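Have a look at the structure below, then the notes.
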Number of protein chains: 2
Amino acid sequence: MDLSPIAEDYLKTIYHLEDENGRPVRTGDISTALDVTSPTVTSMLDSLDERELVDYTPYKGVELTDRGTETVLQLVRNHRLLETFLMEHLDYSWSAVHDEADCLEHYVSDEFTRRLATFLGEPVTDPHGDLIPDSDLKMPEKSPYTALTEYEPGDTVTVEQVPHRDPDVRDYLSRHRIGPGTQLVVDEVSSIDLVTVVPSTTETSVALPTHVARRIGARVVTK
Amino acid sequence: MDLSPIAEDYLKTIYHLEDENGRPVRTGDISTALDVTSPTVTSMLDSLDERELVDYTPYKGVELTDRGTETVLQLVRNHRLLETFLMEHLDYSWSAVHDEADCLEHYVSDEFTRRLATFLGEPVTDPHGDLIPDSDLKMPEKSPYTALTEYEPGDTVTVEQVPHRDPDVRDYLSRHRIGPGTQLVVDEVSSIDLVTVVPSTTETSVALPTHVARRIGARVVTK
DNA sequence: ATCGAGAGTTAGACTAGTCTAACTATATAT
DNA sequence: ATATATAGTTAGACTAGTCTAACTCTCGAT
Ligand SMILES: [Mn+2]
Ligand SMILES: [Mn+2]
Ligand SMILES: [Mn+2]
Ligand SMILES: [Mn+2]
């Protein structure tokens, strides 16, 4: 095979866009996500389709083949194990691990990842509460976290899962002391795309747009 | 700056060739070491000279500038700390760490390396007995190891430093159970470019060409 | 059913790093 | 001192990944 890190990034992007948008992934989605022009995306999609890593229908959209998915799952495993290592042993913050892992995931060998997993004690979730594919690239059982948008005002919850790939979202949450393990009270779930929460550490109200709150996973403490 | 991993590899190669050959580094040396053709080397040397990372005189040779050396020392620090981590925490053998580190050294951030050094306890030598530049990129004091070629027949020594970049040399030593920490008796220092040694673990005589023995560092146990 | 705005593709150009083929400089042997 | 072998450079081509400019398809509004 022998895939370039750049081709790998396109595959990863398609994987995450499929998951996040829940609709066919279009050229423009990828072009926005990777900050390249659309002709660049078109030509890469041609080449990935050629290698049977994606199914690409011009003007319609693209999705990963099984081979493409397998490639991505190995990258996701590398990524999340690296993040775990960085946080647990090198004392990085949850908001700093992603960028480093996003680069290294392309370069560590499968042997490295196997040994790192052993060193870390075969963890099942990463520092952001995301699941780590096992050595056969199967995802472990789905985590039972509930999106923040599903709670009622007054509920007290513990944050278990935070979106962290978008630097703006990540920095906003980090700045307002909302991260994995944060306990907070849901204050208001407004109908104008806003959820307001009060972290117990700061006691200061924080407003979250729905698209962010929807991606924060939490476990109930008291109703 | 923003140097490609490939440009970094040329600089590293020049650094090691300067050290090993003790004469001006020529186009052909680099072309052999990196397994690329000489026109390729010529064009890269033009470009490195342009960026003031090397001093290149066509038809004569090339050497690193201070800026070039600094770049290399950061890579060497990354490399040797990674090797130390792989061996001490991921249970790699001394002969397996190099290839993994040789790739990753280009992608870990300075922040990563700083934190890794702290995690490892600021080590001064790597698993092959080579010195690790400190965070200011100064090399620690020279190790007092003596080349195997300097000993007399009958001397018992402990191996402290092994050449490991050349896969053939590395595999030969590894196969004959000669590595860091190996105790051995010098059997014969022949005038035909051969040193014969007997590792105490195997009791089997091993022949080493001078160019290999010269690069093995050892400490005397008994004379 | 048609049209036009917007999304997507095609065409063609550029860079970094590589190659082969052809040419040139250097150094060694006579 | 000269010839020649060898090392090194120049010229030109190719690929992957990127861009801009020009063209084309699709789909919602009319
Ligand atoms: Mn991440
Ligand atoms: Mn993560
Ligand atoms: Mn090494
Ligand atoms: Mn080493």
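Here is the naming used below: chain letters follow the sequence lines, and residue numbers restart at 1 for every chain. If you're wondering where the values come from, they're calculated on a predicted model, not measured in any experiment.
Regarding A:L34, its CG atom lies at a distance of 8 Å from the P atom of D:dT18, rounded to whole Å. Note: CG (B:D46) to C1' (D:dG8) measures 12 Å, nearest angstrom. Rounding to whole angstrom units, CD of residue B:E50 and P of C:dT15 are separated by 14 Å. Taking atom OH of A:Y59 as the reference point, atom P of D:dC23 lies 14 Å away to the nearest angstrom. Atoms CG (B:L3) and P (C:dA16) sit 12 Å apart, rounded to a whole Å. The CG-C1' distance, from B:D49 to D:dT9, rounds to 15 Å in whole Å. For the pair A:I6 CD1 and C:dA16 C1', the interatomic distance rounds to 12 Å; values are reported in whole Å. To the nearest angstrom, P of C:dG8 lies 9 Å from OH of A:Y56.
In this structure, of D:dT9, D:dT20, D:dT18, it is D:dT18 that holds the atom nearest to the side chain of A:T40. Closest approach to the A:S43 side chain among C:dT18, C:dT20, D:dT18 is made by D:dT18 (side chain taken as heavy atoms from C-beta onward).
The side chain of B:T37 contributes an N or O atom lying less than 4.0 Å from OP1 or OP2 of C:dC19.
The environment of A:E52 atom CD is sparse: at most 12 non-hydrogen atoms of other residues, nucleotides or ligands sit within 6.0 angstrom. Annotation: A:E8, atom CD; neighbour count of heavy atoms from other residues, nucleotides and ligands within 6.0 Å is above 12.
Within the nucleic acid shown, A:T27 comes within 4.0 Å of sugar-phosphate atoms alone, with no base atom in reach, counting heavy atoms only.
Using bins of under 30°, 30° to 60° and over 60° for the plane-to-plane angle, the ring pair B:F119/A:F85 lands in the perpendicular bin. By the 30° and 60° cut-offs, the orientation of the rings of A:H98 relative to A:H164 is perpendicular.
Sequence order on DNA chain D of the closest nucleotides to A:K60 and A:V36 puts A:V36 first from the 5' end. Nearest-nucleotide mapping onto DNA chain D: of A:M44 and A:P58, the residue sitting toward the 5' end is A:M44.
Salt-bridge check for B:R170 with B:D99: passed, with a basic side-chain N closer than 4.0 Å to an acidic carboxylate O.
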